Amino acid sequence: MGVHRHWLGDALSISLFRKEYKVPANVEVRPDGPDDGITYSDGWMPFWLVAVVEGGVRFPLHPLLRECLREWGLSPCQLLPNGYKIIMGTVRLNEILSINLGVSDIEEVYDLCKSAEGHTYYLRLRLHRTAFVTALEDSYKYAGEDRVFVRGAWEFGEAEPSTTARIPRKIGVPPSFQQRRELARRNRWRVNSDWHEKVRKYRDHHCRAAYSLLGYTPHYKSFLAPRRVTGIDSVLHGEDTGPGTERTQAPAPETVTVAIPSGIPVELGGQSPVREAAATKRAETGRRRLRQKFVVSSESRSTSSSEESEVEMLRGRRKRFVAEDLSAAAFGDTGEISVPSRGADVARSMSATDAAERSGRALRQSFLKNRTPT
């Protein structure tokens, strides 16, 4: 039983639930039972209760949410709650910024990934992308697995045509990313950089925090906090380094525990002082690690370069001595020229080399002088 179960406890609670979350009169609502599954049955469609209370889901469903579920081939309970918060948060940003981000724009920023359970899916921020919605909880266990079942005109609005495709009623498997992207190209979809820039620069609602965009009070104590883009990386990708420009550098996100103070209204915009302090601390930790990594790499490069130069010097000296030995053997000299070991006296080695050179020249001159012409 999750923290929101009280909304479906009795008839009075369900009545308050309908009024709070604007459930129309032509939509029936009931709680889940012990024998209910997670798919459509007898005209009833299940939804995660937390997707309605916190995820911004309203009935009839928003067209963008229907389009996501339909193109991904997912029944509503196959998408985990954070996925609903990202989609409905995108809907809210479209309304605020007067833009029109769609399914392909969401797929440009997030990967649709399969969870460990096997039949559920979640959205994960892609590498070098800016999150549309921030401050997502790192676990939805506090919300439980409570479901709300709806029946009636829960899917389409009155003004929509009856030919509109329905969302899946059974457990489905999404098409591959390549197939979905090919479909987007056939529909002439292109990335709109102006829309993405507006999202990056939007600083209100606690920098696009889910609880502020969707207007709920968070019950979690830690949230997913992708590492911020700082320094040269932000210049290369043309993004700001201010609040809200968070991007992942690894598939596994970093969990940061932050206590949200009780006197900050979640409906209003602005940056929470606690979150700002946590972000500053993360940025400082990242800069310190980069400096340490740079120092270590510089020392390793200088050490390797000095060793390589010494090896090349010894290799050239060895080649010279081998050439002298071959010359002496060719002109009848039986004396051996030893290669000085590492650390030997330089003056003694040079004198031995000069003597070998003089001996070689004398032998060559004698050979040429005494040779009889043919």
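Since this is a predicted model, take the numbers as computed values, not measurements. Just the heavy atoms: all of them, side chains too, but no hydrogens, waters or symmetry mates, feed the values below.
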Distance from N82 atom CG to D138 atom CG, nearest 0.5 Å?
9.0 Å
Side chain to side chain contact (heavy atoms under 4.5 Å, CB included), that's the test. Do E54 and L214 meet it? Break it down for me.
CA-CA 7 Å; E54 296 185 3; L214 301 175; over 6 Å; no
Option passing side chain to side chain contact (heavy atoms under 4.5 Å, CB included) with Y110 (candidates L123, T90, D105, I87)
L123
Would you please test Y84 and V50 for side chain to side chain contact (heavy atoms under 4.5 Å, CB included) and show each step?
CA-CA 9 Å; Y84 283 100; V50 66; over 6 Å; no
Please round to the nearest 0.5 Å and tell me the distance separating atom SG of C68 and atom CG of L74.
9.5 Å
State, with a plain yes or no, whether a side-chain heavy atom of T130 is found less than 4.5 Å away from one of V109.
no
Over 12 non-hydrogen atoms of neighbours within 6.0 angstrom of CD in E145:
no
Answer yes or no: is there a donor N or O on one side and an acceptor on the other, between the side chain of S176 and the main chain of Q179, under 3.5 Å?
yes
Test side chain to side chain contact (heavy atoms under 4.5 Å, CB included) on W189 and E107; report intermediate values, then the result.
CA-CA 12 Å; W189 172 82; E107 291 180 340; over 6 Å; no
Within a reach of under 6.0 Å around CD of E95, are more than 12 heavy atoms found that belong to other residues, nucleotides or ligands?
yes
Please say which of V91, L213, D204, V199 ends up in a side chain to side chain contact (heavy atoms under 4.5 Å, CB included) with I96.
L213
Could you go step by step and tell me if Y211 and H206 meet the ring-ring contact (aromatic ring centres under 6.0 Å, His included) rule?
CA-CA 9 Å; Y211 60 85; H206 300 293; 5.6 Å; yes
Report the distance from atom CG of L65 to atom CZ of R58, rounding to the nearest 0.5 Å.
11.5 Å
Quick one: pull up CZ in R147 and CZ in R5 and give me the separation to the nearest 0.5 Å.
8.5 Å
Please determine whether residues L49 and I14 belong to a single hydrophobic cluster, defined as Ile, Leu, Val, Met, Phe, Trp and Tyr linked transitively by side-chain heavy-atom distances below 4.5 Å.
yes
Are H196 and F132, when compared by the centres of their aromatic rings, separated by less than 6.0 Å?
yes
Sequence neighbours excluded, which residues qualify as side-chain hydrogen bond (donor to acceptor under 3.5 Å, both in side chains) partners of R166?
none
One should read off an interatomic distance between L183 CG and Q178 CD, to the nearest 0.5 angstrom, of 13.5 Å
Could you give all pairs that pass the ring-ring contact (aromatic ring centres under 6.0 Å, His included) test and reach residues 19-56, with sequence neighbours left out?
W7-Y21, F17-Y21, F47-F59, F47-W154
Would L101 and L97 show up in the same hydrophobic cluster when neighbours are defined by side-chain heavy atoms closer than 4.5 Å?
yes
Looking at D10, I'd like to know if its CG atom is crowded, meaning that more than 12 non-hydrogen atoms belonging to other residues, nucleotides or ligands lie closer than 6.0 Å.
yes
Mind checking the CG-CG spacing from N94 to N100? Nearest 0.5 Å is all I need.
6.0 Å
Tell me, with the steps shown, if R66 and E155 meet salt bridge (Lys or Arg N to Asp or Glu O under 4.0 Å).
CA-CA 8 Å; R66 291 203 317 263; E155 186 173 7; 5.1 Å; no
E67: which residues meet the side-chain hydrogen bond (donor to acceptor under 3.5 Å, both in side chains) condition with it, sequence neighbours left out?
none
